[in-house]
Amino acid sequence: MKEKPEFSFYDKVYMVARQVPKGRVTSYGAIAKYIGSGRSARMVGWAMNNCGTVMPPVPAHRVLNKQGLLSGKHHFPGMGLMQELLENEGIEIEDDKVVDFEKVFWDPNVELKPFKSL
DNA sequence: TCAGTGACTGTTT
DNA sequence: AAAACAGCCACTG
């Protein structure tokens, strides 16, 4: 029996994003690689665009680019909401980027088990 | 069906 | 070091 993930590309992204621990952040590329396409980071970002249409809601504010920059903050409602959410979790933000990004970085490829094992 | 878009990343200039 | 180019794949019109 071949395991056939019924999970769509979106679902995989949401699944990983939801498992990001509080006070931690990850990058699109890390998620993309975790789901099997290390170079499809753009698709991860695109999936995040629909994050508000899925349940439960996805903490897209914990997903940043590899530079630790809040690249998607402009997509959040209000102004600086994404930054406030991150700061609320203990993450320090400066100039729209995460301080000590390497320290709060959470890599699903390391912290989580391979997707096939799920 | 084809073409355009996009919350990224790596390589090259 | 910074900017530009290319690759990548899924969704919409």
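What you see is a predicted model, and the numbers here were worked out from it, not measured in a lab. Proteins get letters first, then strands, A, B, ... in listed order; numbering begins at 1 in each. Hydrogens, waters and symmetry mates play no part in the numbers below; they use all other heavy atoms, side chains included.
- If you measure from atom NZ of K12(A) to atom P of dC9(C), you get 13 Å, rounded to the nearest angstrom.
- The distance from atom CG of D96(A) to atom C1' of dA7(B) is 13 Å, rounded to the nearest whole Å.
- Between I35(A) atom CD1 and dA10(C) atom C1' there is a gap of 11 Å when expressed in whole angstrom units.
- In secondary-structure terms, DNA chain B builds stems of at least 3 consecutive Watson-Crick or G-U pairs, each pair having both distances under 3.5 Å, at B:2-6 with C:9-13, B:8-13 with C:2-7.
- S71(A) has a side-chain polar atom (N or O) that falls below the 4.0 Å cut-off from OP1 or OP2 of dC8(B).
- For a distance-only test at 3.5 Å, the side chain of R39(A) fails to qualify as a donor-acceptor partner of the base of dG10(B).
- Using modelled atom types, one finds no donor on one side chain facing an acceptor on the other under 3.5 Å when comparing N65(A) with Y28(A).
- N65(A) comes within 4.0 angstrom of the backbone, heavy atoms only, and of no base.
- Note on K33(A): every side-chain N or O is 4.0 Å or more away from OP1 and OP2 of dT9(B).
- A straight line from CD1 of I31(A) to P of dA10(C) spans 16 Å, rounded to a whole angstrom.
- Taken from CE in M48(A) to CZ in F76(A), the straight-line distance is 9.0 Å, to the nearest 0.5 Å.
- The nearest heavy atom of DNA chain C to W46(A) and to R42(A) marks one nucleotide each, and the one closer to the 5' end goes with R42(A).
- Contacts of A47(A) with the nucleic acid, taken as non-hydrogen atoms under 4.0 Å apart, are absent.
- Residues Y14(A) and A47(A) come closest through the heavy atom pair OH-O, 2.9 Å.
- If you take CG of N49(A) and P of dG4(B), they are 21 Å apart, rounded to a whole angstrom.
- Listed here is the closest heavy atom pair of N109(A) and A30(A): ND2-O, 3.1 Å.
- Under 3.5 Å, the side chains of E89(A) and H61(A) contain a donor-acceptor pair of N or O atoms.
- V44(A) and V25(A) sit in two unconnected hydrophobic clusters of ILVMFWY residues. Membership requires side-chain heavy atoms under 4.5 Å apart, directly or through other members.
- Here the closest heavy-atom approach between residue L70(A) and residue K97(A) is recorded as CD1-CA, 3.9 Å.
- What separates NZ of K97(A) from C1' of dA7(B) is a distance of 18 Å, to the nearest Å.
- L69(A) has its CG atom 10 Å from the P atom of dT9(B), to the nearest Å.
- Regarding Y28(A), its OH atom lies at a distance of 18 Å from the C1' atom of dG10(B), rounded to whole Å.
- Using a 4.0 Å heavy-atom distance criterion, Y10(A) is classed as a sugar-phosphate-only contact.
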